[in-house]
Amino acid sequence: MPVPRVRFAPSPTGYFHVGSGRTALYNWLFARRNGGVFILRIEDTDTERNREEWVDGIVEALAWLGLEPDEGPYRQSERAARYQSAIDTLWDAGYLYACDCTQEAVRTRRMMGATPGYDGFCRDRGLPREGNALRFRTPAEGETQVHDLIRGTVTFRNNTMEDFVVARSNGQPLFVLANIVDDRDMKITHVIRGEELLPSAPKAILIWRALDAAAKGGAGPGGAGPGEAGPGGATPLPVWAHLPILVNEDREKLSKRRDPVAVEMYRDQGYLPEALRNYLALLGWSPPGGAEKVPVGVLVDNFALEDVNHSPAFFDVKKLSHMNGEYIRDLSVDEFVDRVRPWVDPVTRRAAGGWVPESVGPPPWPPERFDAAVFLRLAPLVQERVATLAEVPGLVDFVFLRDPVMDAASWEKAIGSDPGAAALLDAAFRAYEEVRWSADALREATVTVGEQAGRKLAKAQAPIRVAVTGRTVGPPLFESLEVLGREEVLRRLMAALRRARTG
Ligand code: GLU
């Protein structure tokens, strides 16, 4: 068997979609599993919709996910001569005809009951090539079979395929032509891509066979089957694998407008690339034994296209977040501190030439109030509690802000609506003036304060937590108090006490 060659062939028209991430990953896994070559090809022939920044976005997203290509990026915009030469070949062998029908005219004839799609109006008109769109003459009879590793053999009746356009009137090639010329030139053995592209596969096969036949010096059907060289040195057709679509919780196809689909957004919210990559691997395929959290080496060792499921795969953001939290907890504290730095200490990080997510605002405290040593003490406490790195500033801001940001609902719940809260804060203030300043001693002192007020520890803690941190939830209280220091804790208790008493 020849060395497998696969390609990821995105069009640079927007943010990097999680579906593209899954397609890239499956190509990469297949290449790594089978000693193959993973190629990146930018399909940038649509000059109106393509932008250079999206090309950069694709390259960066792949690098972030750890899916660097072995070859490429190749760019279709640099390969125009190859497409022109294929069009010349097909034209000379009679596979194409020129068409000057406007879309309007085609639509009108269709409404009058003609066949679906293009009705072949220009087939025999003998129009000149120059200045006209070029259409491929699809056979009127027979069928075209797509051999797909995931879906089996999918048969298309040729008479249901319209004479499709391969080049616009300005000479620009269309996707289906450029795509297939590239797959031939790049000796692609397996085309692994999204299911929405399945309808273009039979067209690709027709063009492929036409190019083979024309190269042999004659028109008519011919060419090779999947994975085999055909008679007369025809280029072997690739094997196809069309991956299941991704759906949201309502079982609707993921949409750019409605669903959170941009890989860049997950990156900027502090998802770990290894967690996202692991999660994407599960969208249509299961590692052996049904395990979900699987190291990348195990994914590579077990990946098989034949095992990919063809029913739609649910992209479940909750499950992804849960998995991300597990990956965060697997980090050593030092790694965690290093990974979270863009969100808590962007200034130092940028100064050192490190990456900081573009779309993330600065942390809520003034940069000079950040203290790396203090953060290091809090880090193990927050590492236990977050699903994403972007949640971290909100859990530690009370330490780096001069005054905690008082959440109105938290205040009302734990202090405003609790008639015993002021007395409890007062008792805590007096106990904390004296106590040895350690988390354990603070806990004991608070248990005693609670008992004297007839409260369990949780009930005694609530007003203290809100007074000191501004919120009802956060990292463990007594460790937080220890880190904050006696003077600051007393100052905040006193401020809350005043506010509670004056209403
Ligand atoms: N450029 C196509 C797209 O982004 C993919 C083509 C292919 O993988 O064959 O939809």
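Remember, it's 1-based here, ligands and their atoms both numbered in the order they're listed.
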Check whether W91 reaches the backbone of L134 with its side chain - one donor and one acceptor, N or O, closer than 3.5 Å. no
Between D163 and G120, is there a donor-acceptor pair closer than 3.5 Å when you use the side chain of the first and the backbone of the second? no
If you count the atoms of ligand 1 from 1 in the order shown, which ones are under 4.0 Å from a heavy atom of P10? 4 (O)
For Y15 and W54, take the angle between the two ring planes, folded into 0 to 90°, and tell me which bin it lands in: parallel under 30, tilted 30 to 60, perpendicular over 60. perpendicular
Atom 3 (C) of ligand 1: closest protein heavy atom, distance to 0.1 Å, is S11 OG, 3.7 Å
For atom 5 (C) of ligand 1, what's the nearest protein heavy atom and its distance? A9 O, 3.2 Å
Quick one: does S77's side chain have a donor or acceptor within less than 3.5 Å of a partner on T45's backbone? no
Looking at N179, which atoms of ligand 1 are within less than 4.0 Å of one of its heavy atoms? 6 (C), 7 (C), 9 (O)
Does atom CZ of F175 have more than 12 heavy-atom neighbours from other groups under 6.0 Å away? yes
Pull out every atom of ligand 1 sitting under 4.0 Å from any heavy atom of E43, numbered as shown with elements. 1 (N), 2 (C), 5 (C), 6 (C)
Angle between ring planes, F164 versus F136, binned at 30° and 60°: parallel, tilted or perpendicular? parallel
Would you check the N or O atoms of F175, main chain and side chain alike, for any that come under 3.5 Å of an N or O of ligand 1? no
Counting N and O atoms only, with roles assigned by atom type, does the side chain of E384 sit under 3.5 Å from a partner on the main chain of P475, one being a donor and the other an acceptor? no
The atoms of ligand 1 lying under 4.0 Å from a heavy atom of R193, numbered in the order shown, are 7 (C), 8 (O), 9 (O)
What protein heavy atom sits nearest atom 10 (O) of ligand 1, and how far off is it? L197 CD1, 4.0 Å
Any V191 heavy atom less than 4.0 Å to ligand 1: no
Residue-ligand contact R7/ligand 1, heavy atom below 4.0 Å: yes
